[in-house]
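Naming: A, B, ... by sequence-line order, numbering from 1 per chain.
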Amino acid sequence: MAVSVRVRIAPSPTGFAHLGTASTALYNVLFARKEGGTFVLRVDDTDTERNRPEYEALIYESLRWLGLDWDEGPDKGGPYAPYRQSERVDLYRQEAARLIKDGKAYRCYCTPEELEAERKQAQLEKRPYRYSRRCLKNPPEGRSVFAVRFQVPGGEVRFTDMIRGEMKFDTDLIGDFIVMKSDGYPVYQFASPVDDAVMKITHVIRGEEHLSNTPYQLMLIDALGYDRPQAYAHMPLILAADGSKLSKRKHPEANLILFRDRGYLPEALLNYLALLGWNPGTTQEIFTFEELLESFSFDRVQHAGARFDWEKLDWLNGEWIRRLSDEELAIRLQAFVPELDLETIRRAVPALKTRLPRLAQAVDYLDYLWKDPSTPALDPETAQRVRSAIEVLRETQWELEPIESALEKAVEQSGVSKGKFYNPLRDLLTGKKVSLPIHYAFALLPKDVALSRLERAA
RNA sequence: GGCCCCGUCGUCUAGUGGCCUAGGACGCAGCCCUCUCAAGGCUGAGAUCGCGGGUUCGAAUCCCGCCGGGGCUACCA
């Protein structure tokens with residue numbers, strides 16, 4: 001009988017929701033939906049130092065914004081609740097105790113300072129560092145604070161990676177490692193495989209930084225007598241411009257919610273993320289989520305990390321914006337220009353559409369509608385032309401077409417070029433060198449406001 | 001240091017022994033369109049396929065070595 005697919009992401013609420021989380025979530029969702037499986041969200045909050053509840057809320061908000069919703073999670077429950085690791089510590093403690101009882105782990109009383117000294121010594125002697133096993137062989141007397149350390153059995157660990165094929169690690173190189181911290185909380189390396197096993201996760205899809213961690217987790221799974229996941233998939237890392245891994249600390253621009261605030265469309269971000277590190281083998285660049293479901297497969301995933309390219313994202317985002325219906329664009333624009341009513345936004349949209357790499361940039365084109373520009377001094381000839389514009393405009397019905405033809409008539413009579421005629425008008429109206437086409441610039445403004453901006457200069 | 005992953009235009013990539021005088025996309029340059037800015041159309045520059053050895057009639061593609069980058073090696077995740 002085929003076991004139904006269960007995948008998961010396990011972000012930790014130690015900061016803003018990260019781009020990498022979105023990327024991993026995407027691949028997990030894609031795989032789950034494709035296989036008719038279940039997507040689980042598990043919050044990895046075992047870092048008591050850095051966790052904050054508000055960060056957890058941010059993860060929900062960001063993932064939901066992207067439309068990457070989960071089937072089971074801390075906020076919706078599920079058959080394997082709880083889904084917050086801090087609420088599962090009894091399980092980890094119990095499993096750690098079982099390891100100790102079975103002679104597969106032991107209490108370690110070493111202080112961080114002592115361990116640091118061991119490491120330094122190893123470095124000095126230029127030998128690879130592995131824990132000395134002091135606490136296994138002759139633990140210090142009279143100490144009560146301890147961590148639980150796994151006794152690495154050694155030998156070879158093999159597993160299947162859906163991207164890289166068969167992987168093989170020599171665990172004799174791995175020293176005994178901590179599974180339970182002295183504060184009674186598990187370490188990621190322990191909590192993660194335990195939960196994966198207990199929650200019946202069948203495929204572990206995560207970032208490449210976990211590739212070398214996999215043997216640690218597999219040893220634990222074996223020691224505990226659990227079934228191993230069927231397969232792993234280690235996705236290529238998203239790199240910063242300097243080629244290093246995008247990190248929360250070094251790269252604040254990786255904050256997911258920032259993408260929303262800057263006016264990226266969820267569709268575009270998802271599309272871009274999919275293309276980063278994966279390609280369909282065709283020249284198609286624009287993918288809806290449904291199309292991704294169709295064509296995505298792990299065997300076409302890249303093995304090397306990929307640098308995040310904001311310019312390409314902007315282009316893709318523009319493509320997506322242009323594909324939106326006018327009405328849909330208007331609705332999405334509302335949050336970015338709260339000063340304007342929907343009707344005004346609707347009227348601006350046809351002109352705005354081809355000019356926005358990001359929704360937030362609508363402000364640059366529209367803020368003259370609620371901000372009064374300063375009035376520059378005009379030379380006599382320009383002033384004369386402005387007056388002729390005022391004259392025709394006064395008689396004009398205040399809509400796009402009539403304004404455009406009235407203006408064109410005035411240009412013709414003036415004998416100068418459209419550019420020479422329109423540019424001063426643009427400046428008077430918007431205070432800018434760049435604006436929507438001049439008839440839009442006029443039409444979006446109430447007639448009396450528009451005319452007064454011209455009149456006070458001429 | 002040890003282990004693991006990786007290495008094609010600036011960036012993302014196609015490419016699995018001859019179809020490659022290495023293709024596409026973003027970006028960049030020029031032209032067209034044009035009231036500004038975009039969008040759109042056309043054209044173009046841009047990669048001795050990290051380097052050095054092999055194997056082969058023939059290698060970006062296979063093998064070895066080196067170099068370079070990244071990740072892991074924490075009582076972070």
Under the side-chain hydrogen bond (donor to acceptor under 3.5 Å, both in side chains) rule, collect the residues that match up with [X], sequence neighbours excluded.
| X | result |
| --- | --- |
| A:E141 | none |
| A:N51 | none |
| A:K120 | none |
| A:T214 | A:R206, A:H234 |

Rounded to the nearest 0.5 Å, how far apart are OG1 of A:T375 and CG of A:D427?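 One gets 9.5 Å once the value is rounded to the nearest 0.5 Å.
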May I ask you to list the residues of [range], by number, that have any heavy atom positioned under 4.0 Å from an atom of RNA chain B?
| range | value |
| --- | --- |
| residues 242-252 of chain A | A:G243, A:K245 |
| residues 40-59 of chain A | A:D44, A:T46, A:D47, A:R50 |
| residues 154-166 of chain A | A:R164 |
| residues 17-24 of chain A | none |
| residues 347-370 of chain A | A:T354, A:R355, A:Y365 |

Given atom [atom1] of [X] and atom [atom2] of [N], what is their separation to the nearest angstrom?
| X | N | atom1 | atom2 | value |
| --- | --- | --- | --- | --- |
| A:F421 | B:U36 | CZ | P | 15 Å |
| A:I286 | B:C12 | CD1 | P | 19 Å |
| A:K432 | B:A38 | NZ | C1' | 15 Å |
| A:E209 | B:G71 | CD | P | 9 Å |
| A:D314 | B:A39 | CG | P | 11 Å |
| A:E311 | B:A25 | CD | C1' | 13 Å |
| A:Q284 | B:C12 | CD | C1' | 16 Å |
| A:L239 | B:G71 | CG | C1' | 10 Å |

Under a 3.5 Å limit for both distances, which nucleotide forms a Watson-Crick or G-U wobble pair with [N], could you say?
| N | value |
| --- | --- |
| B:U21 | none |
| B:C26 | B:G10 |
| B:G46 | none |
| B:G1 | B:U73 |
| B:G65 | B:C51 |

So, the side chain of A:K447 versus the backbone of A:T396: is there a donor-acceptor pair under 3.5 Å, distance only?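 Side chain of A:K447 to backbone of A:T396: a pair is present.
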Hey, would you say the A:W70 and A:Y83 ring centroids sit under 6.0 Å apart?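 That pair fails the under 6.0 Å test.
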OP1 or OP2 of [N] versus the side-chain N and O atoms of [X]: is any pair under 4.0 Å?
| X | N | value |
| --- | --- | --- |
| A:N423 | B:U36 | no |
| A:K168 | B:C4 | no |
| A:H303 | B:C6 | yes |

Are A:E408 and A:K418 close enough for a salt bridge, meaning some N to O gap below 4.0 Å?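 Salt bridge between A:E408 and A:K418, a charged N being under 4.0 Å from a carboxylate O: yes.
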Could you tell me whether A:R149 sits above the aromatic face of A:Y131, with NZ or CZ closer than 6.0 angstrom to the six-membered ring centre and within 45 degrees of the axis?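 Judged by the rule (NZ or CZ under 6.0 Å from the ring centre, within 45° of its axis), A:R149 counts as positioned above A:Y131.
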Does the ring of A:Y109 carry A:R143 above it, NZ/CZ under 6.0 angstrom from centre and within 45° of its axis?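 Cation-pi check for A:R143 and A:Y109: fails.
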If you look at every strand shown and take non-hydrogen atoms under 4.0 Å, does [X] touch a base, only sugar-phosphate, or nothing?
| X | result |
| --- | --- |
| A:T14 | nothing |
| A:G207 | nothing |
| A:S435 | base |
| A:H234 | nothing |
| A:L211 | sugar-phosphate |
| A:N279 | sugar-phosphate |
| A:Y185 | nothing |

Would you kindly compare A:D170 and A:A306 by the position of their nearest RNA chain B nucleotide and give the one closer to the 5′ end?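 By nearest-heavy-atom nucleotide position, the 5'-most residue is A:D170.
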Hey, which sits more toward the 5' end of RNA chain B by its nearest nucleotide, A:T283 or A:E319?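 Whichever sits nearer the 5' end wins; that is A:T283.
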Donor-acceptor pair (no angle test) under 3.5 Å: A:R307 side chain, B:C12 base: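 Looking at the base of B:C12, it does not pair with any donor or acceptor on the side chain of A:R307 (distance under 3.5 Å).
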Confirm from the modelled atom types if A:S212 and B:C4 form a donor-acceptor pair under 3.5 Å, side chain to base only.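 Between B:C4 and A:S212, which were checked side chain against base, a qualifying N/O pair under 3.5 Å is absent.
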Give me the distance, rounded to whole Å, that separates [N] from [M] when you measure between the [atom1] atoms they each carry.
| N | M | atom1 | result |
| --- | --- | --- | --- |
| B:C35 | B:C42 | C1' | 24 Å |
| B:G54 | B:A77 | C1' | 45 Å |
| B:A22 | B:U16 | P | 15 Å |
| B:G30 | B:G69 | C1' | 36 Å |

Could you give all pairs that pass the side chain to side chain donor-acceptor pair (under 3.5 Å) test and reach residues 151-160 of chain A, with sequence neighbours left out?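 Residue pairs passing side chain to side chain donor-acceptor pair (under 3.5 Å), neighbours aside: A:E156-A:R158, A:T160-A:E166.
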Using the ring of each side chain (for Trp, its six-membered ring), is A:Y264 parallel, tilted or perpendicular to A:F259, with breaks at 30° and 60°?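 A:Y264 vs A:F259 ring planes: tilted.
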Does any pair with a residue in residues 170-197 of chain A pass ring pair (Phe, Tyr, Trp, His ring centres under 6.0 Å), and if so which ones, sequence neighbours excluded?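 For residues 170-197 of chain A, and leaving out neighbouring residues, the ring pair (Phe, Tyr, Trp, His ring centres under 6.0 Å) pairs sorted by first residue read A:F150-A:F177, A:F177-A:Y216, A:Y188-A:H210.
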Interface polar pairs with nucleotides 16-22 of chain B, N/O, under 3.5 angstrom:
none

Check the surroundings of atom CD in A:E391: do more than 12 heavy atoms from other residues, nucleotides or ligands lie under 6.0 Å from it?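 Count not over threshold, so no.
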